[in-house]
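Scroll down for the structure; my scribbles are underneath it.
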Amino acid sequence: VTVVDLLARLVAAGSENPPGDERAVAAITAEALGDGGLEARTVFGHEHRPNVVGTLARGPGPRLVLQAHMDTKPRGDAADATWDHDPLTLTERDGLLFGLGACDAKGALAAMLSAAARLAAHGHWSGTLEVHGAADEEDGSQHGAALAHRLGLTRADAAIVGEPTGCRRSSAQLGNAWARVLMTGRAAHAGTPAAGRDAVWAAHAFMSAVRARLAGLPADPRFPGHPRLNVGSIRGGLLPGTLPGSCELLCDIRVLPGQRRGDLHRIYRDAARRVAAEAGVDCSVEPFQGGGCEAHQIAPGSRIESAFLAAAGRLGAGPEPEYFLGGSDARFYARAGTPTLVFGPGDLRVAHAPNEYVPRADLERAVDLLEHTALAFFAAAPETPPGAGDR
Ligand SMILES: [Zn+2]
């Protein structure tokens, strides 16, 4: 089975989320793991939301996890679903493989399954390789990586989480600090402002205060434009002639590696206290949807990053890093203390949109890079020349 054939089967097993049902794609994942020589088991959360774990235990040595999510974003509604062909039929044009999830992240999943099969056929390494096919990444991971984390499956000596990075390694990722801020003043006639307490001007003062604090924090050239306050939603007031009595802000500050999410939540609270005192409004701050997640990065010189660079050198791939700007399940592995890279074929900019694709050459290079990274990680010599086939 070539990696392209495998990708075609994974794409055909639609797994749009929401609504979320990974049963068909999980069956193919488990079958591919079994055919490749790994021991596959299925871990259920909800009955429609299986997660697959494939294991290849080869004596003493470190444990490496390759993880990719099995679900995709929905194909879009009729109005914006301008697919040139059936999104569940992998279609090749000019070396590009089009299909729903081909880029995000079934290409990475297919590459991991192919690389695992090659590693199973390779006799000279020692350690444990695990492949995790995860449910529910596109809608919060509660049925997927969060479950794996609760079950203790995210703890390993290293992990590679599959997302489209153009086959470069991403060793650092932004977190986010999400807050709901509610200003409560007093509505009044706009002609008699002294009779009220203006919640919208208080919100403006809050935004300015947070922004001023962020300007004093260190920047990070890897993540241009951050730290930055993003007010993703602002709702307040009623009509032009009324002094607005309330205003709600939904705020996001991306957390740079090295920063703590809690420190940014403290900036929200400090600004709220100041504005409450100065503007005479009530200003409450609460975490929004759990308050976000921490940033993470790999320590320089870590074994997995060195292994990746050794493999890239061996295969003539560039050493340039990439900083993945989407969300990913890597945060759950990082939370367990596992040094985690994000890596996969394809470009994030074509994901979550009609006519998503992964270049065939990228997909095939991903298999080589994963195989050789694992071998270098397990400190084994390569057995076959690069690109010697899909298995
Ligand atoms: Zn993804």
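We count ligands from 1, going down the list as the structure has it; atoms in each ligand are counted the same way.
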Subject >> Donor-acceptor pair between His226 and Asp220 side chains, under 3.5 angstrom >> reply: no
Original post:
Below 4.0 angstrom, N of the basic side chain to O of the carboxylate: do Glu322 and Arg169 qualify?
Top reply: no
Original post:
N/O/S of Glu137 less than 2.8 Å from the Zn ion (ligand 1)?
Top reply: no
Original post:
Of all N/O/S atoms in Asp104, which lies nearest to the Zn ion (ligand 1)?
Top reply: OD1
**OP:** Only pairs at least two apart or in different chains count here, so list each ring-ring contact (aromatic ring centres under 6.0 Å, His included) that has a residue in residues 304-330.
**Re:** Phe223-Tyr323, Phe308-Phe343
Subject >> Distance-only side-chain donor-acceptor flag, His69 / Asn17, under 3.5 Å >> reply: no
Original post:
So does Glu138 have any N/O/S atom less than 2.8 Å away from the Zn ion (ligand 1)?
Top reply: no
Original post:
With respect to the Zn ion (ligand 1), what is the nearest N, O or S atom of Glu163?
Top reply: OE1
